[in-house]
Protein chains: 2
Amino acid sequence: MATMQDVADRAGVSAKTVSRVFNDDPHVLPETRERVSEAMRTLNYVPNVLARTFRAGRSSSVGVAVPDVVDPFFAAVVRAVERVCSASGITTLVTSIGDDPAREKPVLEALLRTQLMGLVLAPVAADHAWLAPWTEHTPIEFVDRAPIDLDADSFVEDDRHGSYLATRHLLEHGHTRVAFLADQTHPPSSRRRLAGYTEALADAGLPLDERLIAFDAGSDDGAARELERLRRLTDAPTAAFSSNARVTMHAFSALKRAGTAFVGFGDFPMADRLTPSVSVIDQDPARLGRLAATRALERFNAPKARYEASTVVPVGLTVRRSCGCP
Amino acid sequence: MATMQDVADRAGVSAKTVSRVFNDDPHVLPETRERVSEAMRTLNYVPNVLARTFRAGRSSSVGVAVPDVVDPFFAAVVRAVERVCSASGITTLVTSIGDDPAREKPVLEALLRTQLMGLVLAPVAADHAWLAPWTEHTPIEFVDRAPIDLDADSFVEDDRHGSYLATRHLLEHGHTRVAFLADQTHPPSSRRRLAGYTEALADAGLPLDERLIAFDAGSDDGAARELERLRRLTDAPTAAFSSNARVTMHAFSALKRAGTAFVGFGDFPMADRLTPSVSVIDQDPARLGRLAATRALERFNAPKARYEASTVVPVGLTVRRSCGCP
DNA sequence: TTGTAGGCGTTATCAA
DNA sequence: TTGATAACGCCTACAA
């Protein structure tokens, strides 16, 4: 690999001049510039990014850490961040944290050590206090899930309102017994979604029946078990609100079998092609990613400016068939 | 940010000793080690990864470039690479190339400039000759699609045999008119899949009818148009082989509407929940990613060893309902 | 316009 | 066992 010095030797100039040519510094005679360019070409000179980065004290990349890139929701976040960054010539360092909260800290530390320009994070752990020292050097933007015990930007969907919409829609179809399906992942969102559900019930003058809440619907088996339990209730539910896409996908077959009307929080691929097609609360993960990445770069460029810490993105109801609509 | 020198000063030793402690060099007295560790703790020392990387002349990351992280197939590849790498403390640099072949070169160059340990690549462009100089410094592993005009490792599915299996299965159901559905992406795989299809027809003593080949089924509209065209043929097809998951997903509704029996190349989320559930040729993207990442690291560690250049991973037929099986 | 000196943080080399 | 020195490739500050 040719270095600046190699090019300089060949062109009969100093390394600094090569540097100038490379960085389009105007203080170079056209003739010199040409000689240097020539040398760069013949030697196939490629600047050493590592050296530049080191010198600059900052890498030119943004990190993205999500629970799982295979989840379409997070994949969309990742792609949005990539888009924003690549437009500025910034590379993206993607990591899947996985389901285990204990892995989060080591994974993020490894990322942050690389002197990122910023980090877009959809966390799985429930405590982010330890990130505080890092926020002084690196803008950290939370997406989908707000930080816990940490002062940082967050970009989240309107969980409460989405759940409210979904539940109300089912109630408007005449259902009075609506189950709430969830899994154990990220309690804060879950809690907000439960709150929207409860609120819709209350507005309809309906009581909250704890037995209608299923917290183990995150797998095919779990969903089947929970739905079987619900079916056996004396006053069995006739409708269900699934509080996230993962649950909706796993519970789909069981819901269909039981003939239960349902709405899910979060769209997913082929939801509109299933029979019945699935009515969903429509999130916009790309928007979350875009906003977060943009903010990260803004903060990087103007660390002292003041920003809105918490951004709540509205969600809407996409009506298809599973809710009972014709 | 504390540097080694800061730690050294505080512990009353030289920077090199701190380095030794940090890197678990045995040639340090336990007592010295303790003093240094103490200083590291109080100063909250974090090694400068940029400096280390620069010094080493190599980043400790592996690149992954795929057409689109949102595509579940490539997402699975990405995650597999991540898994392999993180097990060795190596970070992963993920990039979506997008659909535009022209973007491929600049995107990859940006990646390669960062002195990657290796690159796992699922290309969209049809010429890789320009990568030749890079392969001397960086192992480049092709997945899903083989390199064109370049000598590099490749890990691909058995396209031909998979298509053969799918087509034969449909023929065994008694169909004699089987359409071939494709889009324009990556011709080499497409061509091999077409070959398998043709071969199955030939083995059944059936002629290849060019009119049954649809090359524009990569979108909902395109698929609908193509199927309409096929429907109007005097001798319309009663079955179809979709040559990739993207096409299968887009064509699903139209195929269902037409009552056509079909098998798709490549599984996708919810394929088993659709009505009819979709019979597919089952690929194993995670395996491709795992193999490629492993090879990249092997080559990095032993650049001179000899390896099998081309690996073809077998595929199988997952029978569900769309093929007409009861 | 061009060049020289110096340093970013770490580690290899070699000497003590 | 420990330390001084130099070097990785580039760029900023300053000098010529």
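Just so we're on the same page: letters track the sequence lines, and every chain starts at 1. All heavy atoms count here, side chains included; hydrogens, waters and symmetry mates do not.
- Contact annotation: the side chain of B/Leu131 approaches that of B/Leu121 to within less than 4.5 Å [non-hydrogen atoms, C-beta and beyond].
- Residue A/Arg35 contributes atom CZ, which lies 14 Å from atom C1' of C/dG3 at whole-angstrom precision.
- Two residues are said to be in side-chain contact when any heavy atoms from C-beta on lie closer than 4.5 Å; B/Val124 and B/Asp100 fail this criterion.
- The NE2-C1' distance, from A/His27 to C/dT2, rounds to 11 Å in whole Å.
- Closest to the side chain of A/Thr32, out of C/dT2, D/dG3, D/dT1, is C/dT2.
- As a whole-Å value, the separation of A/Met40 CE from D/dC10 P is 11 Å.
- B/Glu31 places its CD atom 13 Å from the C1' atom of D/dT2, with the value rounded to the nearest Å.
- Listed by first then second residue, pairs satisfying salt bridge (Lys or Arg N to Asp or Glu O under 4.0 Å) with a partner in residues 46-70 of chain A read A/Asp68-B/Arg79, not counting sequence neighbours.
- In this structure, A/Asp24 atom CG and D/dC10 atom P are separated by 16 Å, rounded to whole Å.
- For B/Asp151, the CG atom counts as loosely surrounded, since its 6.0 Å shell holds 12 or fewer non-hydrogen atoms of other residues, nucleotides or ligands.
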Under the criterion salt bridge (Lys or Arg N to Asp or Glu O under 4.0 Å), I'd like the reasoning laid out for A/Arg41 against A/Glu38: C-alpha separation, chi angles, the key distance, then a yes or no.
CA-CA 5 Å; A/Arg41 250 170 285 133; A/Glu38 173 64 25; 3.3 Å; yes
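- The two residues B/Pro123 and B/Val143 make their nearest non-hydrogen contact at CD-O, 4.2 Å.
- Rounded to whole Å, the distance from CG on A/Leu29 to P on C/dG3 is 10 Å.
- Using a 4.0 Å heavy-atom distance criterion, A/Ser14 is classed as a base contact.
- Rounding to whole angstrom units, CZ of residue B/Arg58 and P of D/dG9 are separated by 13 Å.
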For nucleotides 7-16 of chain C, read 5' to 3', which letter fits each nucleotide if B means a protein heavy atom sits under 4.0 Å from the base, S means only the sugar-phosphate is that close, and - means neither?
BBBBBB----
